[in-house]
K.L.:
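Below you'll find the structure I mean.
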Amino acid sequence: MMESHTVLVGEMKNWCRGEGLQEDHALMVIVPETTEITAIEEALGAIKVLGRVRVRGRMFSAKLGGMMVLCESKEKINADSVPPEVHPGEGQEAWPIVIISERAVTDDDFSVKVTSLLQAEGKTVEDVQALFPGQSPAPSSTEAILRAVGDLLDKAAKPAAESGSYRRLRIFSGTLPTPAGEESFDHWSEQANLMVAESDCPEKEKRRRIMESVKGPAMEILKAVRLSDPDVSPERCIEALESAFGTAESGDDLYFSFRLMQQQSGEKLSDFLRRLERSLTKVVQRGGLPASQMDRARVEQLLRGAVTSDLMLIRLRLRERKTSPPNFLELLPQRLAKLSEEISGEDTATTLSVQGVV
């Protein structure tokens, strides 16, 4: 954690130099990619010691999974007064704050540090003592207090670490046409199902994440579902929205539509492949095809539907591999390009040999 913070501070120094920004008036905040500038300035402006804050630059970080935002404060940065993170609103994850100056460390303010730490975590001294039922460590025992605070932070950090790696679901309301800034049901359900399948958080937390991502008609449906069953599972919540906003086609109908899919004029082969995959996934989810037959169906429809790229597919010998079809990962553009180069070399050698050059 210390190493990553040092790296961020180094990047921030270079960024300040490029923007002509004084380091003692600069701070950087890590926010979700879709966060608006006004929301960032309002959240940071609520920290009184900073004064007015305005955004000076934004840059996406794949490693952090969010947007690094460089800001300038009206007041000079005081490291001892600036919190390590800011809470943008109720139910939203906190945004980490990075500053260049470091806190001054002294040996005579231990009690102040412990008190501030407990206040930041929303805990009291009684909460620390509750970690040791039946034990009453002496007030002068620094080691006992440190151990208790450490245990308290470990417990408090677990849910924070769980939620820190999670990217919030985009908003879905069920309104048609889909309003700007919202997701269609197909895209939303894909992300929601992935979150439910991959996240290790409790069922209650998964249900909360789904509830906070819906509004309007979709919210009304989930309210009705929870009214009849307060402990409804997150999977059941998604099923309820699927029955209301998803396609009414059966698995057989979806499979028939899948078999009619064609590559559109001007559509890249990779885009057609991804479109096939989304349709095929729905077919399997609705019971229109066993999961064990996905690879075969994918290759067959790729051969049948990719009219403009059929010659390329023949050269890639996909027709010969129908008995042992590649999976979706093996059909990704990078794999196709590599295989295409290998086969292109073989075809060139064969042509030259026939012409008597080799």
K.L.:
Is there a donor-acceptor pair closer than 3.5 Å between any side-chain N or O of N193 and the backbone N or O of S189?
P.N.:
yes
K.L.:
Residues two or more places apart in sequence or in another chain: which of them pass ring pair (Phe, Tyr, Trp, His ring centres under 6.0 Å) with F272?
P.N.:
none
K.L.:
Rounded to the nearest 0.5 Å, how far apart are NZ of K223 and CE of M219?
P.N.:
6.0 Å
K.L.:
Please evaluate residues R58 and I37 with respect to the criterion side chain to side chain contact (heavy atoms under 4.5 Å, CB included), reporting the C-alpha separation (whole Å), side-chain torsions for both, the decisive distance (0.1 Å), and the verdict.
P.N.:
CA-CA 9 Å; R58 296 185 298 172; I37 291 179; 4.0 Å; yes
K.L.:
With distance as the sole test, does H25 use its side chain to make a donor-acceptor pair with the main-chain N or O of E72 at under 3.5 Å?
P.N.:
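Side chain of H25 to backbone of E72, a donor-acceptor pair under 3.5 Å: no, none is there.
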K.L.:
R56 side chain to E19 main-chain N or O, any donor-acceptor pair under 3.5 Å?
P.N.:
yes
K.L.:
Hey, does V196 have a side-chain heavy atom less than 4.5 Å from the side chain of S233?
P.N.:
no
K.L.:
With a 4.5 Å limit on heavy-atom distance, are the side chains of F245 and T175 in contact?
P.N.:
no
K.L.:
Evaluate V53 against K74 for side chain to side chain contact (heavy atoms under 4.5 Å, CB included), listing each step before the verdict.
P.N.:
CA-CA 6 Å; V53 178; K74 181 179 180 181; over 6 Å; no
K.L.:
Would a 4.5 Å heavy-atom cut-off, applied to side chains only, mark W15 and M28 as touching?
P.N.:
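Answer yes - side chains close enough.
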K.L.:
Where do L302 and L276 land on the side chain to side chain contact (heavy atoms under 4.5 Å, CB included) test, with the steps shown first?
P.N.:
CA-CA 8 Å; L302 189 60; L276 280 178; 4.0 Å; yes
K.L.:
Would a 4.5 Å heavy-atom cut-off, applied to side chains only, mark V69 and T35 as touching?
P.N.:
no
K.L.:
Using 4.0 Å as the upper bound for N to carboxylate O, is an ion pair formed by R17 and E23?
P.N.:
no
K.L.:
Between P84 and I97, is there a side-chain heavy-atom distance shorter than 4.5 Å?
P.N.:
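No, every pair of side-chain atoms sits at 4.5 Å or beyond.
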K.L.:
Can you find a heavy atom in the side chain of R296 that is under 4.5 Å from one in the side chain of E300?
P.N.:
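When only atoms from C-beta onward are counted, E300 and R296 do touch, with a gap below 4.5 Å.
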K.L.:
Please confirm whether the backbone N or O of M261 pairs with a side-chain atom of Q301, one donor and one acceptor, at under 3.5 Å?
P.N.:
yes
K.L.:
Run the salt-bridge test on R298 and E277 with the 4.0 Å N-O cut-off and return the result as yes or no.
P.N.:
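Yes.
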K.L.:
For the residue pair L169 and M195, establish whether any side-chain heavy-atom pair is separated by less than 4.5 Å.
P.N.:
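In short, these two side chains touch, coming nearer than 4.5 Å.
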K.L.:
Measure the SG-NZ distance between C201 and K206 for me, rounded to the nearest 0.5 Å.
P.N.:
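Answer rounded to 0.5 Å: 5.5 Å.
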K.L.:
Would you call E212 and R208 a salt bridge, taking side-chain N to carboxylate O under 4.0 Å as the test?
P.N.:
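Result for this pair is yes, salt bridge flagged.
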K.L.:
Going by heavy atoms in the side chains, are H87 and E93 under 4.5 Å from each other?
P.N.:
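Side chain of H87 against side chain of E93, heavy atoms only: no contact under 4.5 Å found.
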K.L.:
Does atom CZ of R52 have more than 12 heavy-atom neighbours, drawn from other residues, nucleotides or ligands, at distances under 6.0 Å?
P.N.:
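Count not over threshold, so no.
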K.L.:
Salt bridge or not for E205 and R209, using N-O below 4.0 Å?
P.N.:
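The answer is yes: the pair qualifies as a salt bridge.
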K.L.:
Using atom types as modelled and distance alone, determine if a side-chain donor or acceptor of S279 lies under 3.5 Å from a backbone N or O of R275.
P.N.:
no
K.L.:
Check whether F256 and L289 end up in the same hydrophobic cluster, where Ile, Leu, Val, Met, Phe, Trp and Tyr are linked by side-chain heavy atoms less than 4.5 Å apart.
P.N.:
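In one cluster: no.
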K.L.:
Quick test of your reading: applying salt bridge (charged side-chain N to carboxylate O under 4.0 Å, His left out), list the pairs with at least one residue in residues 227-244, sequence neighbours left out, ordered by first then second residue.
P.N.:
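As it turns out, the salt bridge (charged side-chain N to carboxylate O under 4.0 Å, His left out) pairs with a partner in residues 227-244, which skip direct neighbours, are E242-R286.
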K.L.:
Got a sec, which pairs hit salt bridge (charged side-chain N to carboxylate O under 4.0 Å, His left out) with one end in residues 36-48, sequence neighbours left out?
P.N.:
none
K.L.:
Please say yes or no: joined through hydrophobic side-chain contacts below 4.5 Å, possibly via intermediate residues, are L241 and L194 part of one cluster?
P.N.:
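The answer is no; the residues belong to distinct hydrophobic clusters.
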K.L.:
Show the numbers, then the answer: is there a side chain to side chain contact (heavy atoms under 4.5 Å, CB included) between L70 and M59?
P.N.:
CA-CA 8 Å; L70 180 65; M59 179 170 57; over 6 Å; no
K.L.:
Hey, could you give me the CD/CG distance between E33 and L64, rounded to the nearest 0.5 Å?
P.N.:
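Spacing of CD (E33) from CG (L64) equals 12.5 Å.
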